[in-house]
Amino acid sequence: MRLHVTYAGGTIGMVDSPDGLRPGADLQGWFGSQLHGIELASNISMSTLDPLIDSSEATPEDWQAIIDDINAHAETADAFLVLHGTDTMAYSAAALSYALADMGKPVVLTGSQYPLGVVGSDASANVTGALRAAMSHHAQGVMLFFGHKLLAGNRATKTSSWAFRGFESPSVSPMARTGAPWRWYGAPSTGAGLAHPSPYTRQDIAVIDVVPGMSAARLRAMTTPHPDAVILRTFGVGNIPASEPGFVDALTELAQAEVPIIVASQCYQAEVMLGHYEAGNALARLGAIGAHDMTLEALYAKTVFLLSQGKRGADFARWMDRSIAGELTLQD
Ligand code: ASP
């Protein structure tokens with residue numbers, strides 16, 4: 001088994017500086033020490049992305065840099081490990097899952113809450129767990145290993161800024177948990193994939209949280225000038241304050257301008273059902289697209305992905321409604 005590691009940045013390889021944590025640890029040396037005496041050690045290659053970043057600085061171009069590195073080693077490696085900051089790791093994992101849906105080789109992202117040089121750091125457990133996951137014959141698609149759990153990459157969300165169990169997949173069970181032995185809970189669902197996808201490019205997407213008392217003027221200001229798409233984070237199954245004067249009119253203007261309106265839920269665990277309540281019916285009538293049970297991270301990355309592929313109008317809506325890489329559950 002040959003493994004390729006892409007080191008993209010994050011706390012795992014950071015050191016203290018007068019201005020706070022920044023990349024600078026000898027990650028390559030440390031990684032070698034983790035593998036000392038293991039047969040796999042001689043079958044590992046590693047790329048260090050330049051510049052190494054705090055993942056809160058990541059953009060779709062950074063997702064693409066990781067994808068390009070993986071594609072460059074797709075012929076020579078059997079599995080991939082990505083060392084990444086935790087802040088936006090779930091976004092990157094989802095982005096990779098769409099772009100690499102057709103690759104057929106496992107990719108595992110991991111990082112840590114503490115840098116590798118700190119006594120009691122979670123770096124070692126996460127990296128060795130991710131390695132074990134990547135090498136397992138159960139491994140499939142793009143995954144995220146963290147805090148003793150292996151999650152489907154496009155189902156994961158960061159749930160804690162400090163806990164060692166910092167990620168969950170709210171709508172589906174984990175793929176595996178560690179222990180002696182590990183317990184595997186079955187493969188994640190797959191999707192339609194998309195052959196030879198175009199690279200990720202930045203898109204102008206407004207992600208808007210609806211809150212009680214929000215005015216139409218505020219909604220209009222947040223969508224002026226019109227973005228390429230709107231992700232509206234609504235209440236419950238997809239409800240908005242439809243009786244607020246002008247609120248639905250502002251959304252109607254967007255729909256008439258062919259700006260896709262994608263309706264997500266603010267609930268940690270959600271299944272969007274447009275039109276289930278009168279308060280969400282206006283969105284259904286406008287032709288808004290429901291996000292099913294996608295996490296915000298999976299939904300945002302998917303929106304960027306589809307726009308980067310040039311998908312627009314009914315084609316965009318069709319792709320948003322179907323699973324590309326197991327990111328959503330389609331109800332019968
Ligand atoms: N800000 C860091 C990052 O995402 C946090 C971490 O890695 O835990 O790069």
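Heavy-atom basis, side chains included; hydrogens, waters and symmetry copies ignored.
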For [X] versus [Y], what's the shortest heavy-atom pair and its separation?
X: L274; Y: A284; result: CB-CB, 4.0 Å
X: A134; Y: A79; result: O-CB, 3.6 Å
X: Q113; Y: S160; result: NE2-O, 3.3 Å
X: A301; Y: A94; result: CB-CB, 4.0 Å
X: V263; Y: A288; result: CG2-CB, 3.6 Å
X: A325; Y: N154; result: O-ND2, 2.8 Å

Can you tell me how far [atom2] of [Y] sits from [atom1] of [X], rounded to the nearest 0.5 angstrom?
X: L116; Y: S124; atom1: CG; atom2: OG; result: 9.5 Å
X: E168; Y: T295; atom1: CD; atom2: OG1; result: 13.0 Å
X: K105; Y: Q140; atom1: NZ; atom2: CD; result: 15.0 Å
X: R233; Y: S265; atom1: CZ; atom2: OG; result: 8.0 Å
X: M175; Y: H138; atom1: CE; atom2: NE2; result: 9.5 Å
X: R312; Y: E258; atom1: CZ; atom2: CD; result: 11.0 Å

Counting N and O atoms only, with roles assigned by atom type, does the side chain of [X] sit under 3.5 Å from a partner on the main chain of [Y], one being a donor and the other an acceptor?
X: D228; Y: I205; answer: no
X: T252; Y: V248; answer: yes
X: T159; Y: G166; answer: yes
X: Q269; Y: P170; answer: yes
X: K149; Y: R165; answer: no
X: H73; Y: D69; answer: yes
X: R155; Y: G326; answer: yes
X: S17; Y: G20; answer: yes
X: T224; Y: R220; answer: yes
X: T110; Y: F145; answer: yes

Without hydrogens or angle criteria, can the side chains of [X] and [Y] be said to hold a donor-acceptor pair below 3.5 Å?
X: R2; Y: S42; result: no
X: T59; Y: D62; result: yes
X: S56; Y: D54; result: yes
X: E57; Y: S55; result: no
X: S47; Y: H4; result: yes
X: T157; Y: E297; result: yes
X: H196; Y: D102; result: no
X: S112; Y: N126; result: no
X: N239; Y: T234; result: no

Sub-4.5 Å side-chain heavy-atom contact between [X] and [Y]:
X: T329; Y: H292; answer: no
X: M135; Y: L40; answer: yes
X: M14; Y: L52; answer: no
X: L35; Y: T128; answer: no
X: L3; Y: D78; answer: no
X: M143; Y: P106; answer: yes
X: M46; Y: F31; answer: yes
X: I67; Y: L100; answer: yes

Under a 4.5 Å side-chain heavy-atom rule over Ile, Leu, Val, Met, Phe, Trp and Tyr, are [X] and [Y] clustered together?
X: F167; Y: M294; answer: yes
X: L296; Y: M320; answer: yes
X: V172; Y: V142; answer: no
X: L131; Y: L96; answer: no
X: V5; Y: F80; answer: no

Is the number of heavy atoms from other residues, nucleotides or ligands within 6.0 Å of [atom1] ([X]) greater than 12?
X: R218; atom1: CZ; answer: no
X: Y277; atom1: OH; answer: no
X: Q34; atom1: CD; answer: yes
X: H148; atom1: NE2; answer: no
X: Y114; atom1: OH; answer: no

Handout entry: Working for side chain to side chain contact (heavy atoms under 4.5 Å, CB included), residues S45 and T76
Key = CA-CA 10 Å; S45 55; T76 50; 5.9 Å; no
Handout entry: Verdict with supporting geometry, T86 and I12, side chain to side chain contact (heavy atoms under 4.5 Å, CB included)
Key = CA-CA 9 Å; T86 63; I12 190 164; over 6 Å; no
Problem - Sole candidate of L251, L254, I262 that passes side-chain contact (heavy atoms from CB on, under 4.5 Å) when paired with L232 - result: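 With L232 as partner, side-chain contact (heavy atoms from CB on, under 4.5 Å) holds for just one option, L251.
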Practice task
Evaluate side chain to side chain contact (heavy atoms under 4.5 Å, CB included) for F146 paired with K158, printing each intermediate quantity in order.
Solution key: CA-CA 10 Å; F146 208 86; K158 183 173 177 177; over 6 Å; no
Exercise for the section: Establish, yes or no, whether a centroid distance under 6.0 Å links the rings of W30 and Y7. Expected result: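 Distance test on ring centres: not under 6.0 Å, no.
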Problem - Derivation of the side chain to side chain contact (heavy atoms under 4.5 Å, CB included) call for L144 and V108 - result: CA-CA 5 Å; L144 187 155; V108 185; over 6 Å; no
Handout entry: Carboxylate-amine/guanidinium proximity below 4.0 Å for R318 and D315
Key =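 The answer is yes: the pair qualifies as a salt bridge.
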